[in-house]
Every structure is written in structure tokens, then in C-alpha cells.
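Positions are given from 1 along the sequence. Start at 1 and go down the list; that is how both ligands and their atoms are numbered. Every heavy atom of this structure was used, including side-chain atoms; hydrogens, water molecules and symmetry mates were not.
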Amino acid sequence: MIVLKFGGTSVGSVENIKKVAAIVSSSKEDKIVVLSAMSGVTNTLQKISNLLSNSDIIEAKKEMSALNLKYSEVINDLFKKDETVLKAGDLLRLCDDLLTSLLTIEYSTKIEKIILAQGEIVSTNLFQLYLKETGESSELISAMDFMMIDKNNEPDGDYIQENLTKVLSNFTSIKTFITQGFICKNRNNEIDNLKRGGSDYTASIIGAAVGASQIQIWTDISGMHNNDPRFVDRTFSINEVSFDEAAELAYFGAKILHPQSIIPAKEKNIPVLLKNTFDPDAKGTLIHNDASIEKIRAIAAKDNITAIKIKSYRMLMAYGFLKKVFEVFEDNQTAIDMITTSEIAVSLTIDDTSQLDKIIQELEGFGSIEVDSDLSIICIAGNIAQNTKGVTAAIFNCLKDIPIRMISYGGSNYNLSFLVKSSDKIAVLNLLNEGLFTIKSKKNKSVLI
Ligand code: ASP
Ligand code: MG
């Protein structure tokens, strides 16, 4: 069995839904198809929910009508048979009635979650109706019947495996199942979700639960690139990457995949193939444990980084200092991305500055504080620490003329990152591209092999 997940853009219009259906029917394996909401819909639902939380019923109703109109147009264009149009109309009415009924109920996060779930519920129902109309046999299974999060909001693997297996066993002759990404139930049996962008996670969890032979994530780009094509001209797509490298890259801005989403696949050693709905023949990128070893695989950057330096003579040969510093960030629920230390100072970076003032105030008790903003982390992923000879020299040789604020190396075998001014980012990405890859010879490989 394989799992295919299609994102919001892939199911974002009638034309695209048809492309997805063609991809689904062309693969002959048994499969579970995981769908996101149509692009923009979850944002609209979130807006409706926010309006309700402010008791702005009039604006909420306006948003609901606009959404309903959008769906009605899709239904009219997508379906040919009157019978299907009627069925889809019924579905739409159900969704609209539900949202309308929530207008008068006291707002809570439970209501928010019910509202957010409607995007995936509608997209999967429409897709299932379309497959039926085109004569493809398939079964829509509700994520509510098997996707469960535990009290820590983490997927409950055992429950999911047991219940998904049970659901699937009811349909022994069916080869294509469709289900919702993102949504789930929680321990109190209420509708919940895996947080925004969670459909990839759903696909990975389902893949792990059924022991899939492959998980395919279909988006609107042809896999990962060796560098950011928005800022660098001659990039190339990478055919394969290890789970560790993919996680480093995803975190540092290669937004194609949420890093958490591949954990279940990695744990069960299930290859994840990144594919492009709009160019299905493009090879894409395979994330797996047997990826060939490359010293330099790819480069990614993350903007809006703030660096904080805490300098204190009390740190000299003392223990427990870092713990106290970290506690300040923990208490303020702010994640630290990168960290470097000297004997009398520690520098670290954050990307969420919502608590910055409080953090600085609390850190001032430890020593002198310097804050720099508008910085970017550049991440180089590959098998860097395994065979270090020459790699770091090659990297920094490219950067002779660039001031570097922090360097992090040796944290993992798969990542070297450093911090530069955001105004230098594009230059850095281009210099590294020129210096580290043999693009001119079209070998599309690291020069350091
Ligand atoms: N529809 C949800 C969102 O927009 C989940 C997803 O697309 O992955 O966040
Ligand atoms: Mg998405």
C-alpha cells in the first residue's frame, strides 16, 4: 500500500482536482489518498472563527457566504451529472448549516476546531464524488474514525494503527481510500487537529500505521532544490536526501515539508517521495535512509533571526550558567535555534520575538546583553562532520568577503550553519552555489565528492 497526500494548491481548483484524480487513477497500487482543504479555505475558516470569537456575526456571515459561493462554482464546473451536483449541493448545505448553527453558540476553542475541520471534510467529499462520477471505485474514510491525539496532543500510534486497520478491513475489495489530512479526534472524543500545515503529518502517520511501502507528498514544486531558486539562478532538484538532511533543511526554510511530519515515516523506515502535481513526470526527491552520501547536499536560509549575546564574567569556569539562561527562554516559551559559547559569553538566536522585551529584562540580571536583528541563518546540509577534511575550508573560502556573526558546526553530522546579516543572504547563497556545486558541468553534484 502507498499513501499519497495532496496539498491545498493541488486540490485548489477544478482544473487541479482533475489533475489529482488523474494521478490517483494512474497509480495501480492499493492506496490511501490524504487531502488538504482547498487552498485558502483553512485561512478563511480561521478568519470566520476569529470573527465569531469577537462576536462579529455580520462579518462572519459574509465570509461564510463567500466560501459557499466559491464551493458552488467548483461544484458547477466539476460535476457533469445532475445526481452528483445534487449530492454535492447537499454536502454544501450540511456544512453551511453547521457553520450557521455555530453563530449562535458561545464561542470556545472547541468551536474553532469544528470550524477548521470543515475545509478537509468538504475537499475529500468533493473529490470522492468526482472519482465516483468518473467511474473510479474508491471509499471515503473519515479521519475521525482513526486519527487520535493523546493528552500531549501527539498522535496515538497504537490507537491509530488498530482503528485504521479495522476501518480498512471493512472494505476488502477497495483499492483506493480517501481521507482528510489535518483533522483528528482528541482524548475527549472532540474534533481536533494536528496544527496548521498538519496534512503532511497525517500522511506520514497513516503511512507508518499501515506499513506503507512509500509515502508520496504532492505539492506544487518538483521536490527539493540544492539551493533557494527564488534567490539563486542555477539551482537543481535533488533526487534523494536522507531523513536527517531533510529535517535540517526543512527546519531552515526549505518549506516544502514540515520537519515533524516525517518522523513517523523515518521511524518505520518508509521512503517519502516529494512530487509535483503540475509536473507529475518530474522525478521529485526521495527522502530515505539509503540516500547516497554527499558531503554537500543542499543549502537553505532562514530569515527574521534575532541574535542575543549574554556576556558575563560570572560564566568563567562556572557551572549552571547556561541552565539559568535557557530557563529564561523556557519560561517565555521561546525556542532557541542556534547557540555558540565562549568562556565569558553565549550567543543564541531566536525567530519568535514576541517575548523579546521580557527575555532581555530577565537576562539583564546575568550580564551585559546585546541584541542584533535582521539576521539570516544559512544552513548547509550534507554529510559534513563524517569526513570533514576540506569541507569547512571550501565553505568558508566562498565567504571570504562576508562578515559572519555566528557559526554552528558539529551539532549534528548533517549540518553546518552560520549567521549573517539578511542583507548579505542573497550574496551568500550565490557564492556558495558557485563554489560548492559543479553546476556548469551539469553534473549537479557537490564538488567535494
Ligand atoms: N488545511 C490545513 C492548513 O491549511 C492543513 C494542511 O493543509 O496541511 O493548515
Ligand atoms: Mg498545506
Inset, instruction - Check ligand 1 against Ser36 and write out every atom of the ligand that is under 4.0 Å from a heavy-atom position of the residue. - result: 6 (C), 7 (O), 8 (O)

Legend entry - Nitrogen or oxygen atoms of Thr42 and ligand 1 under 3.5 Å apart: yes

Inset, instruction - Could you check Asn227, Asp228, Thr235, Asp233 and say which one makes a side-chain hydrogen bond (donor to acceptor under 3.5 Å, both in side chains) with Asn433? - result: Asn227

Legend entry - Plane angle bin for Phe437 and Phe236 - parallel if under 30°, tilted between 30 and 60°, otherwise perpendicular: perpendicular

Legend entry - Distance filter under 4.0 Å to Arg196 heavy atoms, resulting ligand 1 atoms: 3 (C), 4 (O), 9 (O)

Legend entry - Donor-acceptor pair between Asn415 and Ser417 side chains, under 3.5 angstrom: yes

Inset, instruction - May I ask you to list the atoms of ligand 1 that are less than 4.0 angstrom from any heavy atom of Ser199? - result: 5 (C), 6 (C), 7 (O), 8 (O)

Legend entry - ligand 1 contacted by Gly197 (non-hydrogen, < 4.0 Å): yes

Legend entry - Test item, Gly198 contacting ligand 1 (heavy atom, 4.0 angstrom): yes

Legend entry - Identified side-chain hydrogen bond (donor to acceptor under 3.5 Å, both in side chains) partner of Tyr107 from the options Ser53, Ser55, Ser49: Ser49

Legend entry - Inter-residue atom distance Cys379.SG - Ile299.CD1, 0.5 Å rounding: 9.0 Å

Inset, instruction - Examine ligand 1 and decide if any of its atoms is less than 4.0 Å from a heavy atom belonging to Glu120. - result: yes

Inset, instruction - Check the side chains of Gln46 and Glu112 for a donor-acceptor pair under 3.5 angstrom, ignoring hydrogens and angles. - result: yes

